Amino acid sequence: MHRGSLLRLAVHHSFLPGFTTCPFSGAPVTSPFFARTLHFCSLKKLAAFPEAHRSTFFPIQNLFLRLFRTTAKRMAPTVAEFGAWKSPITSEVAAGSEISFAGLERDSFSGTSNTVYWLEQRPSEEGRCVVCSWDPKAQKIISWTPREFSVKTRVHEYGGGAFCVFKNQVYFVNKSDQRIYVQPSAEAPVRPVTGLDGARRFADLHYSEQFNCLFAVCEDREDRPAGQSRDQVHPNCALKVVPDNYIVSINPESGQLKCLVEGADFYASPRTSRDGNLLWMEWNLPDMPWDVTRVKWATLTSPTKKVEPSDIRELKAANGKSDVAFTFPEFTSTGKILYVSDEENWWNLFETNANQKTKRCIEKTGRDLGHPLWIFGMHPYSAGAAVGGKQSVALTYGHELSILSYDESNTGSVVRKVLDTGFPHNHVYYVQTVPTGIYAIGFDAKTPMTLFYLDFLTDKVTRIQSTTEVKLEGYLSEPQEIEFPTTNGEVAYGYYYPPQNQDYDAPEGSLPPLLVRNHGGPTSKAYPQLKLTIQFYTSRGFGVLDVNYRGSSGYGREFRQKLNLKWGVSDVDDAVNGAKYLVGKGLADPNRLCIAGGSAGGLTVLNSLLHHDTFKAGASHYGVTDLEALVADTHKFEMRYLDSMVGPYPADKKVYEERSPILHKDKLKCPAIFFQGTEDAIVPPSQSEKMYEAVKGKGLPCAYVLFDGEGHGFTKKENIKAALETEYAFFVKVFGIDAAHVSCDVKFDNVA
C-alpha cells in the first residue's frame with residue numbers, strides 16, 4: 001500500500017483522544033491532524049488497526065517518530081526576555097502594510113450602477129493617494145489616478161472629500177496644485193476643471209445631477225482686501241491673512257466658480273436635492289465642528305445665483321437645545337433631511353422635512369454614530385432610495401453594520417437589522433449603499449481594514465481589498481477593552497494588547513515592558529483594529545495600551561467635553577492611571593513603562609514625563625510642546641481650538657505656561673525621542689527642535705528625527721519604517737533590554 005494511503009488510514013483509525021502536548025518536548029499541539037498522528041505513532045496496542053496492514057505499520061511509525069522529534073525541537077518556544085523577541089512583523093512589513101482607505105463614494109447619478117469607488121493611500125508610492133473602483137461584473141479592481149497625480153486636498157490641512165463620481169467620471173483634487181481635474185475613464189487622460197490658482201483649495205466635492213455642476217467647500221487664501229483680517233479672528237495669531245471659506249458651484253466644462261454661500265468661518269457637506277434645495281453645515285470660531293454647528297438649506301434657482309439670506313432655513317434641535325453639534329446632513333431621494341445630532345448626548349440619526357413640521361430621532365441609542373469632523377467625507381451612514389414610502393439607511397454604529405427601515409410618513413416602528421459582515425468584532429468606518437447591496441470598509445482586531453460588499457439578496461459578503469494580505473497567525477495580539485479608574489472619581493478607557501509571539505516564552509516570573517499610546521486630536525479615538533505598528537511591539541514582547549482618555553470621541557458628548565479646559569491635565573492623568581492599572585494587575589513591569597503619542601498625544605507624552613514619575617521614557621511624534629506658540633503659529637481650522645481645551649488667550653496665559661512642556665524642561669528626568677516632518681503646518685518643527693535641545697542639554701538620552709517633505713503625520717513608507725524601528729531601538733536601549741539584533745540608522749545622543 002502507498003504510504004500516503006496508509007497514513008490516511010492510520011489517522012482514520014486513530015479514534016482515541018489525541019495528544020494535547022507533544023510526548024517528546026511537552027510543547028502544546030494545536031493541530032488536530034498532528035495530535036491524532038502522534039497518538040497513532042505511540043499506540044502500544046494495534047487491535048484497532050487492520051491486521052493486513054500491520055506489517056507496514058512499524059516503518060511508518062518510525063518515520064513519524066523521527067519527524068516529530070525534529071518538529072518538536074522547532075515547536076519548543078525559545079526563552080528570551082520580554083522586549084527582545086524576534087518577529088516576522090518587521091518594520092518593513094508594518095510600514096508597507098499601513099495602506100489606508102480614505103474615502104468611499106458611489107456614482108451620484110441616479111442610475112443603477114453598482115460600482116463603488118474609494119481612495120487608497122499608498123506608502124510604497126511615497127504616500128500617493130489613488131482613486132480605485134470595483135467592477136462587480138468583471139470582479140476586478142481598477143486603479144484610476146495616473147502616476148503623476150495624487151488625490152488629496154489641503155482644506156483645513158487635514159483634507160477629505162477630495163473626489164466624487166458622476167456618470168462614471170471621476171472628479172478629483174490634485175495634491176500638488178490643488179486644482180480640480182476630471183478623468184472620463186480609468187484609461188483616459190485627465191483634464192483640468194479649475195484654473196491654476198494657488199490661492200484656492202477645494203474639498204467635500206459633490207456633483208449635482210439637478211444642476212449638472214460641481215459643488216464644493218472652497219478655502220480661499222488669496223491675500224486681498226476682501227480677506228478676513230487676522231485681528232477679526234484672533235489678535236495673537238501670526239497669520240498674515242486668514243483664509244475665507246465658502247461654498248461654490250463649479251461649471252465642469254469652463255471651470256467657472258460662483259460663491260453661493262458665505263459669511264461663516266467654516267462650511268461642510270454641500271449637498272443638493274432633486275427638487276433644487278442646497279443643504280450644508282457651518283460653524284464659527286471659536287467652536288470646533290464637534291462643539292456647536294448649524295445645518296441650513298435654501299432653494300437654489302440657479303447654480304450661478306448666490307443664496308439670499310432671507311431664503312435660508314436653519315435646523316432646530318428637536319429638544320430645543322442650542323449648543324448642539326449637528327453633523328453629516330444628507331438629503332434622501334424624496335427630499336427629506338437626514339442628520340446626526342448629539343442633542344441627547346449621543347450622536348444619533350434624526351430626520352426632518354424642509355419645513356421642519358415633522359422631526360424625529362430614527363433610533364435612540366447610547367452609542368455614537370460617526371466621529372468628529374476632522375476630515376471631510378467620512379460617511380457614517382448611507383440612505384438607499386425610498387421605495388413605496390419605505391426608507392432604509394445603512395449605519396455604522398460602533399461595533400456593527402446595520403440597516404434601519406422605516407416608514408417616511410412617521411407611522412409604524414423602525415426595524416433594525418444587524419448585518420453579519422464576517423468580522424468577529426467588526427468596526428466600520430465608511431458605508432455606501434447601491435441598488436443591490438452595501439459597500440463598507442471595516443476591520444477587527446485580527447483582520448486588516450477591508451473593503452467588502454454585502455449582497456441584499458443573498459447576504460453574502462465579498463471581500464474586495466485589504467490593507468495587507470500578510471498571514472501572521474500566532475503572532476497577533478488580541479486587544480482587551482478595559483475601563484480603569486482615574487482622577488476625580490471618573491473612569492477612562494483603552495485597549496490593552498498583551499505580548500504575543502508563538503516562538504517565545506519569557507523567563508518565569510518576569511513582566512513585560514509596556515508602551516502607552518495616546519491618540520491625537522485630542523478629540524479622536526483609539527479603535528481595536530489590526531495595527532501592525534502595534535503588533536510590531538507586541539510580537540517583540542511589549543504590552544501596549546491604546547488609551548481613550550477623557551475627551552476622546554465615541555463615548556458621547558459629555559465624555560467628549562470632559563477634557564474642556566483640562567487638556568494637558570486629564571489626558572495625562574488617564575495615561576498615567578492606565579499604566580498603573582496594568583501594573584496593579586501584574587501585566588507590566590513598573591520599571592519599563594514608556595509612552596508615545598502624536599500631535600496632541602505628543603503633549604500628553606511630554607507632560608506625563610514632566611509631571612509624573614510613572615514613565616521611564618517617551619516618544620513624541622510631531623507633538624505640541626509650546627501652547628503659546630501654537631496659538632501664534634497654527635492654521636485657521638484650529639486657530640481657536642485651545643479656547644475650549646485650555647482657556648481664552650491671553651486671559652489664561654498662566655494656564656498656557658503651566659501646561660507647555662518647553663517651559664518646564666528642567667523637570668524632565670528621563671529619556672525622550674522626537675519625530676517631526678519639515679512641512680508640518682499644524683505643529684511647526686520649531687516646537688520639537690526646542691524641546692530636543694533642552695533634553696540634549698541636560699545630558700539625557702535623546703534623539704531628533706526630521707523627515708524631509710513630510711507634514712503632520714508620515715505617509716512615505718521609508719519614513720514610517722524608520723520612525724517605527726528607531727522608536728523601538730530607542731526604548732530597547734534605554735531599558736537595557738538585551739537585544740543584540742536590534743539596530744537603527746539614527747545615532748542617539750547622550751548614550752554610551
Side-chain angles (χ1 to χ4, degrees), residues 81-83 477-500 506 509-522 524-526 528 534 537-538 540-552 555 559 562-563 566-598 600-620 623 658-659 661 664 667-673 727 730-732 734-737:
E81 69 172 311
F82 283 117
S477 174
E478 188 161 352
Q480 305 159 15
E481 186 169 12
I482 65 171
E483 175 185 306
F484 55 89
T486 187
T487 53
N488 300 322
E490 296 178 331
V491 298
Y493 306 92
Y495 294 95
Y496 170 63
Y497 297 75
Q500 171 62 36
S510 63
L511 293 172
L514 176 72
L515 171 62
V516 174
R517 288 170 46 112
N518 300 271
H519 61 69
S524 296
K525 182 184 179 182
I534 289 179
Y537 272 97
T538 55
R540 284 165 172 74
F542 275 70
V544 175
L545 173 62
D546 217 359
V547 180
N548 278 322
Y549 46 74
R550 286 167 291 180
S552 301
Y555 300 92
F559 188 85
K562 285 185 179 295
L563 199 60
K566 296 179 180 179
W567 183 34
V569 178
S570 293
D571 52 318
V572 171
D573 289 340
D574 295 351
V576 168
N577 286 315
K580 289 181 176 179
Y581 175 81
L582 293 176
V583 168
K585 293 289 184 180
L587 297 173
D589 183 344
N591 296 313
R592 289 180 173 180
L593 303 177
C594 53
I595 184 170
L603 180 85
T604 307
V605 168
L606 295 172
N607 276 332
S608 296
L609 298 180
L610 286 166
H611 305 300
H612 298 268
D613 296 326
T614 305
F615 299 105
K616 311 308 177 186
S620 171
E658 290 172 350
R659 300 183 194 172
H664 304 276
K667 293 183 179 180
L668 193 60
K669 300 177 182 178
C670 67
I673 188 169
E727 181 187 80
F730 183 74
F731 290 146
V732 165
V734 299
F735 286 159
I737 295 173

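Remember, it's a predicted structure, so these values are computed and weren't measured experimentally.
Between the side chain of N548 and the backbone N or O of A526 there is at least one donor-acceptor pair closer than 3.5 Å. H519 contributes no side-chain N or O that, together with a main-chain N or O of G601, makes up a donor-acceptor pair within less than 3.5 Å. Although no hydrogens or angles enter the test, the distance criterion places no donor-acceptor pair under 3.5 Å between the side chain of S477 and the main chain of P499.
Between S510 and F82, the closest side-chain pair of non-hydrogen atoms falls below 4.5 Å. Using a 4.5 Å heavy-atom threshold, the side chains of H611 and V572 count as separate. Side-chain contact between F735 and N591 is absent, with no heavy atoms from C-beta onward closer than 4.5 Å. By the 4.5 Å heavy-atom criterion applied to side chains, E81 and I737 are counted as neighbours. Using a 4.5 Å cut-off on side-chain heavy atoms (C-beta onward), L582 and I482 make contact. Inter-residue side-chain proximity for C594 and F730 is flagged as unmet; no heavy-atom pair is nearer than 4.5 Å. Looking at V516 and V547, their side chains come closer than 4.5 Å, going by heavy atoms from C-beta outward. A heavy-atom distance below 4.5 Å is found between the side chains of Q480 and P498.
In this structure, OH on Y555 lies 9.5 Å from CD on E483, to the nearest 0.5 angstrom. Interatomic distance, R592 CZ to L511 CG, rounded to the nearest 0.5 Å: 10.5 Å. Note that OH of Y497 is 4.0 Å distant from CD1 of I534, once rounded to the nearest 0.5 Å. Here the straight-line distance linking atom CG of N607 with atom CG of L603 works out to 4.5 Å at 0.5 Å rounding. With rounding to the nearest 0.5 angstrom, the CG atom of L609 is 14.0 Å from the NE2 atom of H664. Note: S620 OG to E727 CD = 10.5 Å, rounded to the nearest 0.5 Å.
When all heavy atoms of A575 and T604 are compared, the closest pair comes out as CB-CG2, 4.3 Å. Considering all non-hydrogen atoms of both residues, V491 and R550 come closest at O-CG, 3.8 Å. Across all non-hydrogen atoms, the minimal contact from P512 to G541 is CB-O, 3.5 Å. Nearest heavy atom pair, residue G597 against residue V605, reads N-CG2, 3.2 Å. Heavy atoms only, all atoms of each residue included: A579 and L593 are closest at CB-CD1, 4.3 Å. A pairwise comparison of heavy atoms in L514 and A588 identifies CB-CB, 3.8 Å as the closest pair.
Among F484, Y549, F559, Y581, the one residue that satisfies the ring pair (Phe, Tyr, Trp, His ring centres under 6.0 Å) test with Y493 is F559.
For R659, there are no side-chain hydrogen bond (donor to acceptor under 3.5 Å, both in side chains) partners two or more places apart in sequence or in a different chain. Residues meeting the side-chain hydrogen bond (donor to acceptor under 3.5 Å, both in side chains) test with N518, sequence neighbours left out: none. Annotation: side-chain hydrogen bond (donor to acceptor under 3.5 Å, both in side chains) contacts of S524 (sequence neighbours excluded): none. For D571, there are no salt bridge (Lys or Arg N to Asp or Glu O under 4.0 Å) partners at least two apart in sequence or on another chain. Remark: Y495 engages no residue in a side-chain hydrogen bond (donor to acceptor under 3.5 Å, both in side chains) (not counting sequence neighbours).
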task = Show your working on side-chain hydrogen bond (donor to acceptor under 3.5 Å, both in side chains) between D574 and T486 and close with a plain yes or no.
result = CA-CA 6 Å; D574 295 351; T486 187; 2.6 Å; yes

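Residues in residues 580-590 take part in no salt bridge (charged side-chain N to carboxylate O under 4.0 Å, His left out) pair, two or more places apart or across chains.
Within a 6.0 Å sphere centred on NZ of K566, other residues, nucleotides and ligands contribute 12 heavy atoms or fewer.
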